[in-house]
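Chain letters run A, B, ... following the sequence lines, proteins first and then strands; every chain starts at 1.
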Number of protein chains: 2
Amino acid sequence: MEKEITIYDIAKLLNLSPATVSRALNDHPAINSNTKSVIAAKAKEMGYRSNTFASNLRRQRTDTIGVIVPRLNSHFMSTVLAGMEKVVNKSSYNLIISQSLESVKKEIANAKTMFNSRVDGLLVSVAYDTDNTDHFDAFVKRGIPLLFFDRVLEHKQGTSIIIDNTKAGYEAVSHLIEQGCRRILYITGNLKRNVYADRLKGYRLALLEHGLPYLDELVMVTDLSQEAGIEAARLIQRMDKKPDGLFIANDLCAVSCMSALRKNGFSIPDDIAVVGFNNDPVSVVIEPNLTTIDYPGEKMGEIAAQSLINHLNGSLDIQNTNTIILHSELLIRQSSVKKGAN
Amino acid sequence: MEKEITIYDIAKLLNLSPATVSRALNDHPAINSNTKSVIAAKAKEMGYRSNTFASNLRRQRTDTIGVIVPRLNSHFMSTVLAGMEKVVNKSSYNLIISQSLESVKKEIANAKTMFNSRVDGLLVSVAYDTDNTDHFDAFVKRGIPLLFFDRVLEHKQGTSIIIDNTKAGYEAVSHLIEQGCRRILYITGNLKRNVYADRLKGYRLALLEHGLPYLDELVMVTDLSQEAGIEAARLIQRMDKKPDGLFIANDLCAVSCMSALRKNGFSIPDDIAVVGFNNDPVSVVIEPNLTTIDYPGEKMGEIAAQSLINHLNGSLDIQNTNTIILHSELLIRQSSVKKGAN
DNA sequence: ATGAAAGCGCTAACAC
DNA sequence: GTGTTAGCGCTTTCAT
């Protein structure tokens, strides 16, 4: 097994001081460029690798940004993460990613781990049932910048990056109404989450504007899983007055609900028109293709990471910005277009 | 902003030595349990957090396991990762996860990062176009254990965890033949990858055993993306002698291909029967439901992580194990069951 | 342009 | 059961 090489080893062999080696390796301007190349060559030859721990210990920072997301395996989230990586790769920062699996408990644990790994900043999209920011207090107290995206929490300081979920919900439901729907069922996630609560606001607004009544029985709170979609189809089957439109806050759930409904003999969109949310790839695989809200995940990731980095570099003060709102768009496909409607 | 608390601060306040505080915090058996609770209480009160960097620097290990996967946003991979997390959470190790996005270039960069973060061990599933193990040599040289799973590479030492892809391919194709298929198109990924090459072996074996000829023109190498599925459907449309069965090495691609074929007027399974691979949730959403190979992702993750941890703890020597093979299973659904067949 | 030296916070060998 | 002390590898201030 090879021995670990340190800057001392390099320094000794080159008759230089460790300080010079350190500076050269970090491309310090005061070092002669010749010396630099000699050192770089030797380091490479000897298989030197910098010891991040020693460096972090000494510098009192980690150049690391933590990310906590509900799940990794959603198309939306992985798109967001791709955006973050893109930005972070251009900087000297690194990303540590962890998932809460939609549980506050795990989110708290993850936050603690992030805190103990001394991330320089934290990007968070909260879990299903998170209902306070206590587990992030430690960060605020130590002045570690905190930025929420998509699923955000009310917090006195710091930025949130979101889309206008109210508007998106309004557009989705207005579209259904224009297609002739009069009983629109909204299948949603936990209404604690801004994303679902705001879409509900949009739903109500659209009904109101078109003179349709708001009925509690037409709001179904689920976990938006595939199973929830199937269960929703079962419940619809049993309803006396069946809905003629569905607005489902997640494409995966929408797609499995549609599929179950069709198995039960419903015709989509004619019996029931459906609008999903997220523009997940599966939305163009299902028959009929799913009308959905497209949502700029990559951009959201880029902006989140860039804002945080700018703040860390001192070129932007996050604490004074409030909310960044990105555009979303209704993509109309066959699942919601009734033949009768214009 | 609060000052960072160290064990020295705690020691001073409690009139103890830093060593005692350190031991107490690490639950060292020699420390009086009273002392321990006093120290623990004080640490909590003062908002102490252990400095991992100092600790890692001193202990010369990180208690961290690196994971490199092609993509995070596949159902299979996230299931594998869930399995790993489950095991790792029970131990004192942490996980660092990174994705290569199917590119060797990024995989090399990730490996380097992992190496520099001094992971104690590495779990890898390689990218699409990786064709040698050079970027893992540094780990081997330093005696850092390396374990491949699912998409594995030939390497002299170390364990691989896989399913029997040849058998899975054989079963998939035999099933299609039994349903009456005579021209079966295999849509695959890069044949450098064991998973795709071995399934091809199974495909050939099944043909051979049933007296069907093997034809080069019936093997289509793609990137198995959704777009590839649509493109494949286009190519099938143009073929003079159309296939009557498809074996597609990935459900997502299979599903989009099926969907495109149906739009072009093909009836599934009657014109073309389809078998996918992975048992992705989408396989039960598509109409008709997709016959596929089910694949124990979570178990694979658990075994991979556990084997590595056992090796690190000295209770198992990975270098002497070779290959662990997990069971897979053909799930027959409507997409492949022809009405005519028995 | 380079060097000397101190110290980041922790742990472990050795002492008592 | 607890204390003393040295050192992990790096960066940086202060010298020259």
What's the [atom1]-[atom2] distance between [X] and [N], to the nearest Å?
{"X": "B:Leu25", "N": "C:dG9", "atom1": "CG", "atom2": "C1'", "value": "12 Å"}
{"X": "B:Asn56", "N": "C:dA12", "atom1": "CG", "atom2": "P", "value": "12 Å"}
{"X": "B:Arg61", "N": "C:dC10", "atom1": "CZ", "atom2": "P", "value": "18 Å"}
{"X": "A:Asp63", "N": "D:dT11", "atom1": "CG", "atom2": "P", "value": "11 Å"}
{"X": "A:Leu14", "N": "C:dG3", "atom1": "CG", "atom2": "C1'", "value": "15 Å"}

Please check if the number of heavy atoms outside B:Lys36 that lie under 6.0 Å from its NZ is greater than 12.
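Atom NZ in B:Lys36 is crowded, with more than 12 foreign heavy atoms closer than 6.0 Å.
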Can you tell me if A:Lys106 has over 12 outside heavy atoms packed within less than 6.0 Å of its NZ?
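Enclosed.
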Ring pair (Phe, Tyr, Trp, His ring centres under 6.0 Å) partners of residues 86-128 of chain A, not counting sequence neighbours, each pair once:
A:Phe115-A:Phe139
Contact list for residues 87-97 of chain A, test salt bridge (charged side-chain N to carboxylate O under 4.0 Å, His left out), sequence neighbours left out:
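Passing the test, one end in residues 87-97 of chain A: no pairs.
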Angle of first-five versus last-five pair axes in the helix from C:dA1-D:dT16 to C:dC16-D:dG1, to 10 degrees
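Here the helix ends are tilted 30° relative to one another.
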Do A:Ile162 and A:Asp150 have side chains that get closer than 4.5 Å, going by heavy atoms?
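A side-chain contact under 4.5 Å is absent here.
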Hey, are the side chains of A:Val38 and A:Leu14 touching, using non-hydrogen atoms and a 4.5 Å cut-off?
yes
Residue pairs, two or more places apart or on separate chains, that pass side-chain hydrogen bond (donor to acceptor under 3.5 Å, both in side chains) and touch residues 12-25 of chain A:
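Those involving residues 12-25 of chain A are A:Ser17-A:Thr20.
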What one should report as the nearest heavy-atom pair of B:Val119 and B:Ile144 is O-CG2, 3.7 Å
Check nucleotides 13-16 of chain D against the protein and report each pair of N or O atoms closer than 3.5 Å, with its distance, or say if there are none.
unit_1	atom_1	unit_2	atom_2	d
D:dT13	O4	A:Arg23	NH2	2.7

Collect all protein-nucleotide pairs involving nucleotides 6-10 of chain D in which both atoms are nitrogen or oxygen and the distance is under 3.5 Å.
unit_1	atom_1	unit_2	atom_2	d
D:dG7	N2	B:Arg58	NH1	3.3
D:dG9	N2	A:Ala54	O	3.2
D:dC10	OP1	A:Tyr48	OH	2.4
D:dC10	OP1	A:Asn51	N	3.4
D:dC10	OP2	A:Ile7	N	2.8
D:dC10	N4	A:Tyr8	OH	2.7

Side chain to side chain contact (heavy atoms under 4.5 Å, CB included) involving [X] - partner list, sequence neighbours excluded:
{"X": "B:Thr62", "value": "A:Phe53, B:Asn56, B:Thr64, B:Arg118, B:Asp120"}
{"X": "A:Ser50", "value": "A:Tyr48"}
{"X": "A:Ala127", "value": "A:Ser100, A:Glu102, A:Glu107, A:Asp129, A:Thr130"}
{"X": "B:Ser78", "value": "A:Asn73"}

A:Asp131: which residues meet the side-chain hydrogen bond (donor to acceptor under 3.5 Å, both in side chains) condition with it, sequence neighbours left out?
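A:Asp131 satisfies side-chain hydrogen bond (donor to acceptor under 3.5 Å, both in side chains) with A:Lys192 only.
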Which parts of residues 30-38 of chain A get close to DNA chain C, meaning a heavy atom less than 4.0 angstrom away?
A:Ala30, A:Ile31, A:Asn32, A:Thr35
